Amino acid sequence: MENSFHVLMCLDGYGQVEVDGDKPVKFSKGETVFLPAGIDRCLIIGDTTVLKIRC
């Protein structure tokens, strides 16, 4: 995840994503979350189906 950003598109359900110890970002069906380049890892929690796109 060092050189490019990622896009998480919530296709169903709801959840939250935690990135490098920052405050969790909540999302639900139909919403999109952008993850910046250079993060070490992220944790997706919830009852959800997401599509991850690397750009």
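What's counted below: heavy atoms across the whole structure, side chains too, no hydrogens, waters or symmetry copies. Not measured: the values here are computed from a predicted model.
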For residues 29-38, run the donor-acceptor check on the side chains, cut-off 3.5 Å, and write out each pair with its distance to 0.1 Å, sequence neighbours left out.
residue	atom	partner	partner atom	Å
E31	OE1	S28	N	2.8
E31	OE1	S28	OG	3.4

| Shared hydrophobic cluster, Y14 / L8 (ILVMFWY, side-chain heavy atoms < 4.5 Å) | no

Taking distance alone, no hydrogens or angles, what donor-acceptor pairs closer than 3.5 Å link side-chain atoms of residues 42-51 to residues at least two apart or in another chain?
residue	atom	partner	partner atom	Å
T48	OG1	D12	O	2.9

